[in-house]
Amino acid sequence: MVDAAVIITGAASGIGRACVELFTVRGFGIVAVDVDEGALRDLADSLGGEVVPLVADVSLEETGIRMTELALSRFGRLDVAVLNAGIGGTLPWEAGGAIERLDEILAVNVRGVAIGIRSVAPALRDGGGGSIVVTASSGGLQAEPGNWAYNASKGAVVNLVRAAALDYAAQNIRVNAVAPGLTETPMLGRQRARPAVFEATSRRIPLQRWSRAEEQAAVVWFLASAEASYITGTTLVADGGMTAHHGAVPLPPLVP
Ligand SMILES: NC(=O)c1ccc[n+]([C@@H]2O[C@H](COP(=O)([O-])OP(=O)(O)OC[C@H]3O[C@@H](n4cnc5c(N)ncnc54)[C@H](O)[C@@H]3O)[C@@H](O)[C@H]2O)c1
């Protein structure tokens with residue numbers, strides 16, 4: 001039996017996969033949830049025994065029940081939930097299907113997180129408390145052109161985390177979010193593969209580079225761990241300084 005257990009959604013790729021690897025090193029038993037059956041099988045095969053795969057869609061209520069039951073039946077406990085599954089793919093405002101795409105994005109990014117929170121909370125409470133970490137986005141704190149549906153969904157996540165933190169604080173359940181900036185994962189793989197786009201976007205980031213998935217997993221780990229025992233309701237920004245800049249071009253210095 002493991003000393004601690006975590007549920008990680010969107011576990012088969014990118015930031016979720018980096019979280020699975022980090023929590024494995026820290027000795028956690030892991031329920032790894034994803035819709036991508038092949039990638040999930042590869043992950044479980046490469047990491048071995050304490051990673052239990054669950055092929056399921058986070059936007060369905062039954063997934064919340066199944067993932068929690070799996071953690072309790074396989075590990076006898078639940079300590080942490082990393083609600084990380086998310087999708088992009090905003091269509092232009094006036095394109096055909098743009099509202100249907102908004103519904104899909106909200107279903108995964110907002111409904112999926114709400115289902116996750118309400119599903120894992122009883123198991124965390126029964127264990128004396130725990131920690132929920134949600135993957136928001138710098139795009140939930142500010143907006144970028146052409147990304148309105150995603151921006152709306154991640155903005156909702158930031159306030160959902162605040163609200164859940166208030167409602168669950170008395171049960172010793174902390175709820176926080178990480179807000180990654182541009183991160184090298186398959187989600188933005190096509191943009192990352194275009195050198196001109198990659199270089200132009202990197203130049204706009206104060207640290208002059210995209211983040212690695214492992215850097216985001218480290219923030220998730222911090223928020224989940226006892227090191228963050230007095231932090232709840234917050235969104236920790238890990239964006240290389242991007243949202244620190246309000247966007248204006250520098251003015252020349254005033255000389256007397
Ligand atoms: N990559 C970035 O630059 C970036 C920046 C800010 C925030 N984020 C957020 O980080 C999180 C992880 O993104 P990533 O970059 O690692 O992307 P990714 O595409 O590499 O991984 C996302 C994983 O989620 C899974 N998934 C998608 N829909 C699902 C569903 N309905 N149910 C279960 N699993 C589902 C996918 O199959 C995939 O394995 C997302 O919430 C994303 O919005 C990413």
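The figures that follow rest on heavy atoms only: side chains count, while hydrogens, waters and symmetry mates do not. When a ligand or atom number is given, it counts from 1 through the structure's own listing order. Just so you know, residue 1 is the first one in the sequence shown, and it goes up from there.
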Report task. Select the closest option to atom 4 (C) of ligand 1 among G86, G181, S137, A32, judged by heavy-atom distance. Result -> G181

Query - Charged N-O contact under 4.0 Å between R212 and E184 - result: no

Query raised in the report: Is it true that the side chains of W210 and T201 contain a donor and an acceptor less than 3.5 Å apart?
Result: yes

Query - Heavy-atom closest pair, residues M187 and G88 - result: CE-N, 3.7 Å

Requested in this report: Answer yes or no: is there an ion pair linking E214 with R17, defined by an N-O contact shorter than 4.0 Å?
Outcome: no

Query - Heteroatom proximity flag, S138 to ligand 1, N/O under 3.5 Å - result: no

**Report entry** Pair S153, N109: side-chain N/O donor-acceptor within cut-off below 3.5 Å
**Finding:** yes

Report task. Starting from atom 32 (N) of ligand 1, locate the nearest protein heavy atom and write down its residue, its atom name and how far away it is, to 0.1 Å. Result -> V58 N, 3.0 Å

**Report entry** atom 1 (N) of ligand 1: nearest protein contact (heavy atom, Å)
**Finding:** T185 OG1, 3.1 Å

Report summary line: Heavy-atom nearest pair, P186 first then S13, reads CG-OG, 3.2 Å

Query raised in the report: Which of the atoms of ligand 1 are close to G14, meaning less than 4.0 Å from one of its heavy atoms?
Result: 16 (O), 20 (O)

Query raised in the report: For N84, is at least one N or O under 3.5 Å away from an N or O on ligand 1?
Result: yes

Query raised in the report: Does some non-hydrogen atom of K154 fall short of 4.0 Å from ligand 1?
Result: yes

Requested in this report: Among all protein heavy atoms, pick the one closest to atom 24 (O) of ligand 1 and tell me residue, atom and distance.
Outcome: G10 CA, 3.3 Å

Report summary line: By side chain to side chain donor-acceptor pair (under 3.5 Å), T63 pairs with (sequence neighbours left out) none

Query raised in the report: Which is it for V108 and ligand 1 at heavy atoms under 4.0 Å: side chain, backbone, both or neither?
Result: side chain

Query raised in the report: Any Lys/Arg nitrogen of R101 or D103 sitting under 4.0 Å from an Asp/Glu carboxylate oxygen of the other?
Result: no

Query raised in the report: Any side-chain donor paired with an acceptor under 3.5 Å for T90 and N147?
Result: yes

Report task. Just jot down the ligand 1 atoms closer than 4.0 angstrom to any heavy atom of Y150, in number order. Result -> 6 (C), 7 (C), 8 (N), 9 (C), 42 (C), 43 (O)

Requested in this report: Considering the heavy atoms of L182, write down every atom of ligand 1 situated less than 4.0 Å from one of them.
Outcome: 3 (O)

Report task. Specify the protein heavy atom at minimum distance from atom 29 (C) of ligand 1: its residue, its atom name, and the distance to 0.1 Å. Result -> V35 CG2, 3.7 Å

Query raised in the report: Against heavy atoms of D57, which atoms of ligand 1 measure under 4.0 Å?
Result: 30 (C), 31 (N), 32 (N)

Query - Under 3.5 Å side-chain donor-acceptor pair for T243 and S138 - result: no

Report task. Closest by any non-hydrogen atom to atom 7 (C) of ligand 1: pick that one out of A136, A12, A107. Result -> A136

Report summary line: Among non-hydrogen protein atoms, atom 44 (C) of ligand 1 lies closest to M187 SD, 3.9 Å

**Report entry** Where ligand 1 meets S13 - atom numbers and elements under 4.0 angstrom, heavy-atom basis
**Finding:** 16 (O), 18 (P), 20 (O), 21 (O), 38 (C), 39 (O)

Requested in this report: May I ask whether A56 places a heavy atom under 4.0 Å from ligand 1?
Outcome: yes

Report summary line: Looking only at protein heavy atoms, what sits closest to atom 36 (C) of ligand 1 is D34 OD1, 3.4 Å

Report task. In plain terms, say whether E61 and R118 are close enough for a salt bridge, that is, a side-chain N and a carboxylate O under 4.0 Å apart. Result -> yes

Report task. Flag I15 as yes when one of its N or O atoms lies below 3.5 Å from any N or O atom of ligand 1, and as no otherwise. Result -> yes

Report task. List every atom of ligand 1 that sits less than 4.0 Å from any heavy atom of A85, numbering the atoms from 1 in the order shown and giving each element. Result -> 34 (N), 35 (C), 41 (O)

Query - Distance from atom 28 (N) of ligand 1 to nearest protein heavy atom, with residue and atom - result: I87 CG2, 3.7 Å

Query raised in the report: Quick one: nearest non-hydrogen protein atom to atom 9 (C) of ligand 1, plus distance?
Result: T135 CG2, 3.6 Å

Under 3.5 Å, which donor-acceptor pairs do the side chains of residues 51-58 form with other protein atoms, sequence neighbours left out?
from, atom 1, to, atom 2, distance (Å)
D57, OD1, S59, N, 2.8
D57, OD1, S59, OG, 2.8
D57, OD2, S59, OG, 3.3

